[in-house]
Amino acid sequence: MIKVLYFARLREQLETASEEMESAGMESVDSVIASLKERGGIWGDVFGGDQPVLMAVNQEMVDGSTKINDGDEVAFFPPVTGG
Amino acid sequence: MIKVLYFARLREQLETASEEMESAGMESVDSVIASLKERGGIWGDVFGGDQPVLMAVNQEMVDGSTKINDGDEVAFFPPVTGG
Amino acid sequence: MNLVKVQAEPFDIAEVQDGLRADNPAIGAVVSFVGLMRDMNEGDQVATMTLEHYPGMTEKALEAIVEEADERWELMGIRVIHRVGDLNPLDPIVIVAVASAHRGEAFQACEFVIDYLKTRAPFWKKEKTPDGERWVDARHSDDDAEARWKR
Amino acid sequence: MNLVKVQAEPFDIAEVQDGLRADNPAIGAVVSFVGLMRDMNEGDQVATMTLEHYPGMTEKALEAIVEEADERWELMGIRVIHRVGDLNPLDPIVIVAVASAHRGEAFQACEFVIDYLKTRAPFWKKEKTPDGERWVDARHSDDDAEARWKR
């Protein structure tokens, strides 16, 4: 299993803060994105590429090509606005 | 008359903090320097050009070519080291 | 020597700076940046703000930034404290304070840390305006500020 | 809005910064520099220091620097306080604090003011080392720092 987290505007749009996903078939962050997009509706919109989405694996910012292992924590969120 | 002030290392070398000078013949700061240098001894050393000397007229940093008027306050001092 | 903190409570600016320079007579310069909540953004009045973050990752990201600053410059201590939760205009949001022997290093490292924090640390601001709540958009100027430090 | 002071008494770092940002919710950034007395200089232990200045000209020079910063950047307040007289290691010597809506301006103006102060304000340091008293020499690096702002 992998844990998937959503933050800020994404969390509100998807009405989901976190979920567990089967890690089978999830080679990389891009595979996770593809599977989320397939859900259609707002999921397709959010992960369709029109709005900027940042991603982290195990709490480190990464890009989509990053490999995923069972037990990983994957997170999606908008560009950050702290400070 | 013009008032001449000396600060920091210069004050100690010249053993003088301030003096009054006739303004007659004192066209510019350079004329003041020339007349001080003529005193010879430590005055010749300090104003002989071997050590850096900054100058101000009426409390504004200037260069030697600056004109002098009766009643002006002229000051000589080493490069500043505040902050 | 370095310290990174994410907290809901206000921080004491004087305490942070005093703690940084305390008892180290080799420190010649302390540069600090305090980011404050403004009552205007994008031309609209802002009444209050909520800061969301990604617990765990936030601290990691800040520590990585601080570590990188320490590698790039000769420093004698860095403090980063960032608030989360509800904030009001005039409230300090973040403080970055850096100590060094000479001022050039402290200035550069302080600006580096806040520039990186703005683009790399997972915080998100939501503000309340007369037209309702809205998420704050990231600024292109922050990307430009970060890009200056690339090497 | 701006304030320049030369004084023998210690200053309160927190008070200076709080005074600067007080009650102006348009301020988004406060950058401050504090210069502290170090116990080492040029490789020698320094026990105490005396700061001499040129009363009258010092204030004028600082005011001119602050005015120039105000012309160059969009600022919301500048504070410069510089001590004179006897100082000991760990003592704050000078504080420069600058407020602005966005951080870039405050960082630049703060560094500009201290760089100019270092080469244009008539202060002189004399330090007491184990070998006796000596006047501190001006640093070439300070001239270089000032030269960056020429335009």
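This is a predicted model, so every value here is computed, not measured. Chain letters run A, B, ... following the sequence lines, proteins first, then strands; residues in each count from 1.
Few gaps surround NZ on Lys126(C); more than 12 heavy atoms of other groups in view lie less than 6.0 Å from it. The number of heavy-atom neighbours closer than 6.0 Å to NZ of Lys128(C), taken from other residues, nucleotides and ligands shown, is 12 or below. Other residues, nucleotides and ligands contribute only 12 or fewer heavy atoms inside 6.0 Å of the NZ atom of Lys5(D). For Glu74(C), the CD atom counts as loosely surrounded, since its 6.0 Å shell holds 12 or fewer non-hydrogen atoms of other residues, nucleotides or ligands. Atom CD of Gln7(C) sits in a crowded spot, with more than 12 heavy atoms from other residues, nucleotides or ligands closer than 6.0 Å.
Using a 4.5 Å cut-off between heavy atoms, Ile13(C) touches chain D through its side chain atoms alone. With a 4.5 angstrom heavy-atom cutoff, Arg139(C) touches chain D only via side-chain atoms. Both the backbone and the side chain of Asp115(D) come within contact range of chain C, each with at least one heavy atom under 4.5 Å from a heavy atom of that chain. Residue Ala106(C) does not touch chain D at all, counting heavy-atom pairs closer than 4.5 Å.
Note that SG of Cys110(D) is 10.5 Å distant from CD of Glu111(C), once rounded to the nearest 0.5 Å.
No donor-acceptor distance shorter than 3.5 angstrom exists from the side chain of Arg38(D) to the backbone of Pro25(C), with no hydrogens or angles considered.
Considering only heavy-atom pairs separated by less than 4.5 Å from chain D, the leading option among Asp91(C), Leu90(C), Val31(C), Val96(C) is Leu90(C). The greatest number of non-hydrogen atom pairs below 4.5 Å with chain C, out of Ala101(D), Ala145(D), Gly35(D), Pro89(D), is found for Ala101(D). When each of Lys118(D), Arg103(D), Glu15(D) is scored by its heavy-atom pairs under 4.5 Å with chain C, the top score falls to Arg103(D). Of the residues considered (Ala22(C), Gly28(C), Ala29(C), Ala14(C)), Gly28(C) shows the highest number of contacts with chain D, using heavy-atom pairs under 4.5 Å. In terms of non-hydrogen atom pairs under 4.5 Å with chain C, the most contact-rich of Gln17(D), Met40(D), Met37(D) is Gln17(D).
Looking at heavy atoms from C-beta onward, His102(D) lies out of side-chain contact with Ser141(C) at the 4.5 angstrom threshold.
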